[in-house]
Amino acid sequence: MPDGAKTERGVFGMSENTEVTAQAGEEAGATEVEFKAPTSQEELDRIINTAVARTHKKYGDYDELRAQAAKLAEIEEANKTESEKQAERLAAAEAKAAELESRALRSEVAAAKGVPLNLLAGSTREELEASADALIEFRGEQKPSAPSSPALKRVNTSGPQSVADEFAQWSENSFRNL
């Protein structure tokens, strides 16, 4: 539809309420009330450059503010007392020790129960042991599945029991056919 054509909602390309549109344009700093599509690449470039310039103006002091924030953090770190610094180091060391104790406990329970370490859930010895027991119970309930292929059934139920026996049988069958 060409610009200015009538539609059910009003003039195509223009707002029904031009007063509200004008107010919105004034608040945004625009002087035009209606939208006009750019007709050339130069006009589009001008529009884009204007928008980029507004953005640069709006956030132009970003690098300065970031530098000031870093400097403030440095000053706050320098102002900490030695006891605050030691308290932070102590808290970090305690957290590391707790993590290592947890890993050791998990490894100990996994080794004692014979279950994979990554499948254990819980944080206390009791919880870890209960988790290991549940895994053992689950594993015990599982029955090995029977071979699904008739050929596999023959291989699994009769014939050689070791690789050496299998090789001997193969070589015997191969030489018979010569």
Side-chain angles (χ1 to χ4, degrees), residues 15-17 19-38 41-149 152 155-156 161-164 166:
S15 171
E16 283 287 324
N17 191 344
E19 186 176 320
V20 172
T21 306
Q23 289 173 352
E26 289 172 10
E27 290 173 6
T31 56
E32 296 179 320
V33 175
E34 66 182 65
F35 173 77
K36 181 180 175 191
Q41 184 64 42
E42 292 80 24
E43 188 176 354
L44 179 62
D45 290 343
R46 181 188 56 77
I47 292 169
I48 291 172
N49 289 335
T50 303
V52 168
R54 270 194 316 258
T55 303
H56 281 282
K57 182 179 177 184
K58 184 176 181 181
Y59 297 107
D61 60 347
Y62 176 76
D63 291 332
E64 181 184 327
L65 292 174
R66 185 173 55 191
Q68 288 175 352
K71 187 174 182 179
L72 177 62
E74 184 180 310
I75 291 170
E76 287 176 348
E77 183 66 29
N79 288 339
K80 287 183 180 176
T81 65
E82 189 60 34
S83 62
E84 289 174 330
K85 292 177 184 177
Q86 284 180 345
E88 287 178 358
R89 287 192 297 263
L90 177 63
E94 286 175 346
K96 182 74 171 176
E99 179 185 342
L100 291 174
E101 287 176 10
S102 174
R103 284 186 188 176
L105 180 61
R106 293 174 71 80
S107 296
E108 184 181 319
V109 170
K113 297 286 187 168
V115 296
L117 175 70
N118 61 337
L119 296 179
L120 291 178
S123 56
T124 65
R125 178 177 290 279
E126 293 78 22
E127 290 173 345
L128 291 170
E129 287 178 348
S131 175
D133 291 339
L135 287 170
I136 291 169
E137 183 180 329
F138 176 74
R139 181 175 57 194
E141 291 176 3
Q142 301 255 333
K143 298 189 188 312
S145 61
S148 59
S149 167
L152 288 175
V155 170
N156 290 338
Q161 298 299 319
S162 70
V163 174
E166 188 175 335

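All residue numbers in this chain count up from 1 along the given sequence. Predicted model, so just to flag it, every value in this text is computed and none were measured.
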Q: Mind checking the CG-CD spacing from L120 to E127? Nearest 0.5 Å is all I need.
A: 11.5 Å
Q. If every non-hydrogen atom of V109 is compared with every non-hydrogen atom of A132, which pair is closest and at what distance?
A. CG1-CB, 4.3 Å
Q: Would you give the length of the straight line joining atom NZ of K113 to atom CG of L119, rounded to the nearest 0.5 angstrom?
A: 15.0 Å
Q) What salt bridge (Lys or Arg N to Asp or Glu O under 4.0 Å) pairs are there with at least one residue in residues 91-102, not counting sequence neighbours? A) E99-R103
Show me the donor-acceptor pairs, under 3.5 Å and distance only, between side chains in residues 65-74 and residues at least two apart or in other chains.
from : atom 1 : to  : atom 2 : distance (Å)
R66  : NH2    : D63 : OD1    : 3.1
Q68  : NE2    : E64 : OE2    : 3.4

Q: Apply the test side chain to side chain contact (heavy atoms under 4.5 Å, CB included) to residues L44 and Q41: give CA-CA distance (whole Å), side-chain angles for both, the deciding distance (0.1 Å), then the verdict.
A: CA-CA 5 Å; L44 179 62; Q41 184 64 42; 4.1 Å; yes
Q) In Å and rounded to the nearest 0.5 Å, what is the CD1 to CD distance from I75 to E77? A) 12.0 Å
Q) Rounded to the nearest 0.5 Å, how far apart are CZ of R106 and OG of S123? A) 9.0 Å
Q: State, with a plain yes or no, whether a side-chain heavy atom of K85 is found less than 4.5 Å away from one of R89.
A: yes
Q) Sequence neighbours excluded, which residues qualify as salt bridge (charged side-chain N to carboxylate O under 4.0 Å, His left out) partners of E88? A) K80
**Q.** A51 backbone acceptor or donor facing T55 side chain under 3.5 Å
**A.** yes
(Q) Give me the atom names and distance for the closest heavy-atom approach of P116 to A110. (A) C-CB, 4.5 Å
Q: Would you give the length of the straight line joining atom CD of Q86 to atom CG of L90, rounded to the nearest 0.5 angstrom?
A: 9.0 Å
(Q) Measuring from atom CG of L100 to atom CG of L105, what distance do you get when rounded to the nearest 0.5 angstrom? (A) 12.5 Å
